[in-house]
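For reference, the structure is listed below as structure tokens.
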Amino acid sequence: RLWHQPLKHREWNGTGSTAHFQDIFLGRCYIYTQLVQPEFRPYHMQHTFETKLLIFTSHVLSLRDRDCKKIEEAFRNAFISKDPCEVTEEDYHPLMELASQTVPCDKTVFWSRTKELAHQYTWVRQEMFTLENTLLGYVADGLTWCGDSGSSEMNYQSCPDWRKDCKNNSVTVFWKVLSKMFAENACGMVQVVLNGSLSNAFSKDSTFGGVEVHNLHPEKVHTLQAWVMHDIGKSPSDSCSGSSIMDLKSIMSKRNIKFTCQDNYR
Ligand code: NAD
């Protein structure tokens, strides 16, 4: 009866792949590439008729001909049948090539520990883009995925936790590669929304501080504009004059990129 038993996957400390992963991935891909219209406004992607014409004719509409099935296949190929702790950046390169997308200059928004606020902002300023407003960021946001060496199935029971199991796991490596590419492609003035209700609004260990900041190209990006926002009703723990922002300022000055900072921009 052995062959009737489901294959036993390796056990990890993190939650398993999101149920119906493939359907969600494909569904989100079709929403992004086919349904971005004024009458249909998925989460994070509201557009007025004007901005739709201005931005989306050149950027999202050019994605209409992207083949979501091919993108999903390239995504799966990056991690399926592999040890989920030994996924490399190169594994995701074919996917990145297939789904690359450019954001107009002056419209890139980074964030760190301010996910909700940053997205509320790009929801209102519809011409601005966070990573999650681009195709790959949109399809993968909030999902978990991992494979297993010796099986062509995804592991829905458990996936590696990036603190307890390993850093080079399928999810962490994906966000690292995607964040790197997002920063490399940025141009003009770029923005970051930071959290002034934390003791360190800027952290070198975050994806923003460890990956994005170091992959901005000084030939293309002239200014990084930071907003340090704190929770309404709470007294701020960090601000533009705090030491963590001074660290960011000095990194930017060494990188030859102008730095400006504003506390609680309205
Ligand atoms: P953050 O600390 O708020 O982290 C953002 C999310 O990524 C959190 O859910 C966090 O748990 C997770 N995360 C962070 N580092 C991780 C890692 N090494 N492995 C697995 N998960 C990790 O802010 P951050 O780290 O500065 O990342 C935000 C910036 O990086 C944004 O500018 C965005 O472009 C990009 N990013 C987005 C996501 C996402 O889930 N949408 C994840 C990582 C990075």
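The first residue in the sequence is number 1, and the count goes up from there. Both counts, for ligands and for their atoms, begin at 1 and track the order of listing.
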Could you check if a side-chain atom of Thr88 sits within less than 4.5 angstrom of a side-chain atom of Asn168, using non-hydrogen atoms only? no
For atom 13 (N) of ligand 1, closest protein heavy-atom neighbour: Trp162 CZ2, 4.3 Å
Does Ser179 have a non-hydrogen atom less than 4.0 Å from ligand 1? yes
Which distance, rounded to the nearest 0.5 Å, do you find between the OG1 of Thr144 and the OH of Tyr156? 11.5 Å
Protein heavy-atom contact under 4.0 Å for atom 34 (O) of ligand 1? yes
Tell me: protein heavy atom nearest atom 27 (O) of ligand 1, and distance? Thr207 CB, 3.4 Å
Do Gln225 and Val192 come close enough that some side-chain heavy atom pair is under 4.5 Å? no
Start with the C-alpha distance between Lys115 and Asp141, add both sets of side-chain angles, then the distance that settles salt bridge (charged side-chain N to carboxylate O under 4.0 Å, His left out), and finish with yes or no. CA-CA 11 Å; Lys115 188 172 188 179; Asp141 194 27; 2.7 Å; yes
Name all pairs fulfilling the salt bridge (Lys or Arg N to Asp or Glu O under 4.0 Å) condition that reach into residues 220-241, sequence neighbours left out, sorted by first residue then second. Asp231-Lys234
Could you list which atoms of ligand 1 come closer than 4.0 Å to a heavy atom of Leu131? 34 (O), 35 (C)
the protein heavy atom lying closest to atom 32 (O) of ligand 1 turns out to be Glu212 OE1, 2.7 Å
Closest non-hydrogen protein atom to atom 31 (C) of ligand 1, residue and atom name please, with distance? Trp111 O, 3.1 Å
Without placing hydrogens or testing angles, list every side-chain donor-acceptor pair under 3.5 Å for residues 201-211, not counting sequence neighbours.
unit_1 : atom_1 : unit_2 : atom_2 : d
Ser203 : OG     : Asp205 : N      : 3.1
Ser206 : OG     : Ser203 : O      : 2.8
Ser206 : OG     : Gly209 : N      : 2.9

Regarding ligand 1, does Val109 bring an N or O atom to under 3.5 Å of one of the ligand's N or O atoms? no
Close N or O approach (Glu132, ligand 1; < 3.5 Å): yes
Is there a protein heavy atom at a distance of less than 4.0 Å from atom 8 (C) of ligand 1? no
Same apolar cluster (I L V M F W Y, side chains within < 4.5 Å links), Ile251/Val193: no
Is atom 11 (O) of ligand 1 in close reach of the protein, with a heavy atom under 4.0 Å away? no
At a 4.0 Å cut-off, with the gap strictly under it, does some heavy atom of Val171 reach an atom of ligand 1? no
Donor-acceptor check, side chain of Arg10 to backbone of Ser149, threshold 3.5 angstrom: yes or no? no
What residue and heavy atom of the protein are closest to atom 23 (O) of ligand 1, and at what distance? Ser112 OG, 3.4 Å
Strictly below 4.0 Å, N to O, side chains only: are Glu72 and Lys70 in salt-bridge contact? no
Hey, what's the ring geometry for Phe21 with Trp145, parallel, tilted or perpendicular (30° and 60° as the breaks)? tilted
Among all protein non-hydrogen atoms, which one is nearest to atom 1 (P) of ligand 1, and what is the separation to 0.1 Å? Arg113 N, 3.8 Å
heavy-atom search around atom 43 (C) of ligand 1 in the protein gives Trp175 CB, 3.6 Å
Identity and separation of the nearest protein heavy atom to atom 20 (C) of ligand 1: Thr172 OG1, 3.0 Å
In ligand 1, which numbered atoms sit nearer than 4.0 Å to a non-hydrogen atom of Phe110? 32 (O)
Ligand-residue contact atoms, ligand 1 with Phe208, heavy atoms, under 4.0 Å: 24 (P), 26 (O)
Ring geometry between Phe174 and Tyr92 (parallel below 30°, tilted from 30 to 60°, perpendicular above 60°): perpendicular
